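Encoded as structure tokens, the structure appears first; notes follow it.
The structure displayed is predicted, hence computed values, not measured ones. Indexing begins at 1, ligand by ligand and atom by atom, following the structure's order.
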Amino acid sequence: MRGTSWIRDPSLAEVGERRIEWTKNFTPVLMRILERFRREKPLNGVRIGACLHVTTETAILVEVLEEGGAEVSICASNPMSTQDDVAAALAARGTRVYAFRGQTTREYYECIGHVLADEPQITIDDGADLISTIHKLYYGIESEELKYVRPIIGDLDVRELLGRMIGGCEETTTGVLRLRALARDGKLLYPVIAVNDAESKKLFDNPIGTGQSALDGVIRATGMLLAGRDVVVVGYGNVGSGIAQRLRGMGARVTVVEANPIRALRALMEGFAVESMKKAAAHGELFITATGNISVIRREHFKLMRDGAILANAGHFDVEIDKRDLEAMSIKRERILPCIDMYVLEDGRRLYLLGEGRLVNLVCAEGHPSDVMDMSFSLQALSAEYLARNRGKLPIDVLNVPRELDELVAKLKLESMGAEVEELTPEQINYLRSWEPGSK
Ligand code: ADE
């Protein structure tokens, strides 16, 4: 049974619609794909369940999929990231939307339940919560979340759902890691495309998109000047490196904390101070985590921090800054501004946590700039099309975005920006393919 939308405030639809229209100025590649989808209808009759941050860019992706003939149901991929005006605009257009900002855990999973009740044939995730719920239902892995999902899906038969399933797409690093763990355990139940791993995604969205939007979140929440600040970036992967570089560009004094020796060496050779978390904890004024790991800032580090230290997270889940430790060590917690919680420790020191330790770019700002989401979501649309066109033919595994789609997105983006790629001569192509030529 297909449900009706569950959103915060339908009266926000017009504002949402205006913002979505504005965003289209910055998503030329998605608009090209939309035109083709409108003509070709590659997703005709396919039901898509999306679990994504509900933003203006996501609304455009939904529009592209719907123009391609899909029926889309969407829930949020984070309890705090939904833009309520966008949710309202989508609902007014007739998309089934189960998302609002400030969900409890129960509501978050109930919304996932609603998307499942709409019986998706393609899942699109950002963080793998939708697909992992399907897997938990199938394998009977009891969890708190399933307690909330079950009453919503009623007598939905998960085997039948899986029988009609075409495939899935995953947007982010954390989600891909979860899916690879499922595949490694031999438990993955349908093919999933790791959109995150496409080059036209991970080389741009992760460092450049998060690099800018995480700082946007910190600045909007605090209004602080970054120049001259002692900032500690925890994690120097695709995301952390982008944040550290942009911080440096704004004049911050940046220290990197990294557990992987190769990444740590890269950070050092790219000019950053590299320290242990304990050492960095004692001097940082602002901390930004981007590791994808749990409790990277915890009790032993909070103990060392200076009064007034600010903590923000740019990783997918709110587990990187250990909130339980912070709460246990505090005599008082107060929301002093919409995006700032003040924790007062026993000795009187104050630590400030931004956006509840959830994705600072989406909770305290509006996520990545549209120009970057243009590429990521073009890959999502093309991957959904690829799944539909290859229905029943793909292996059950975590699959790469086909190279030609990855390059197509880069080419279309370049074209939209007025740039050209160089054509290789036949002689050059041949040279690159042969092993005979050597030293002369
Ligand atoms: N993830 C990061 N930024 C985003 C955005 N603007 N829209 C959707 N998902 C995002």
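At least one heavy atom of Thr58 sits under 4.0 Å from some atom of ligand 1. Within the 4.0 Å heavy-atom cutoff, Glu366 counts among the residues contacting ligand 1.
Two residues are said to be in side-chain contact when any heavy atoms from C-beta on lie closer than 4.5 Å; Ile7 and Asp84 fail this criterion.
When non-hydrogen atoms are compared, ligand 1 lies under 4.0 Å from neither the backbone nor the side chain of Asp205.
Counting all heavy atoms, side chain and backbone alike, Asn196 lies closest to Glu171 at CB-O, 3.3 Å. Residue Asp129 comes nearest to Arg178 through the heavy atom pair OD1-NH1, 2.8 Å, listed as atom of the first residue, atom of the second, then distance. The shortest non-hydrogen separation linking Cys111 to Cys75 is O-CB, 3.8 Å. Heavy-atom minimum distance, Tyr98 versus Gln103: O-NE2, 4.1 Å.
Atom 7 (N) of ligand 1 has as its closest protein heavy atom Thr55 OG1, 2.7 Å.
Between the choices Met373, His368, Gln380, the shortest heavy-atom distance to atom 10 (C) of ligand 1 belongs to Met373.
Those atoms of ligand 1 with a heavy atom of Gly367 less than 4.0 angstrom away are 3 (N), 6 (N). Counting the atoms of ligand 1 from 1 in the order shown, those under 4.0 Å from a heavy atom of Glu57 are 5 (C), 6 (N), 7 (N).
Every residue two or more places apart in sequence or in another chain was checked for a side-chain hydrogen bond (donor to acceptor under 3.5 Å, both in side chains) with Asp125, and none qualifies.
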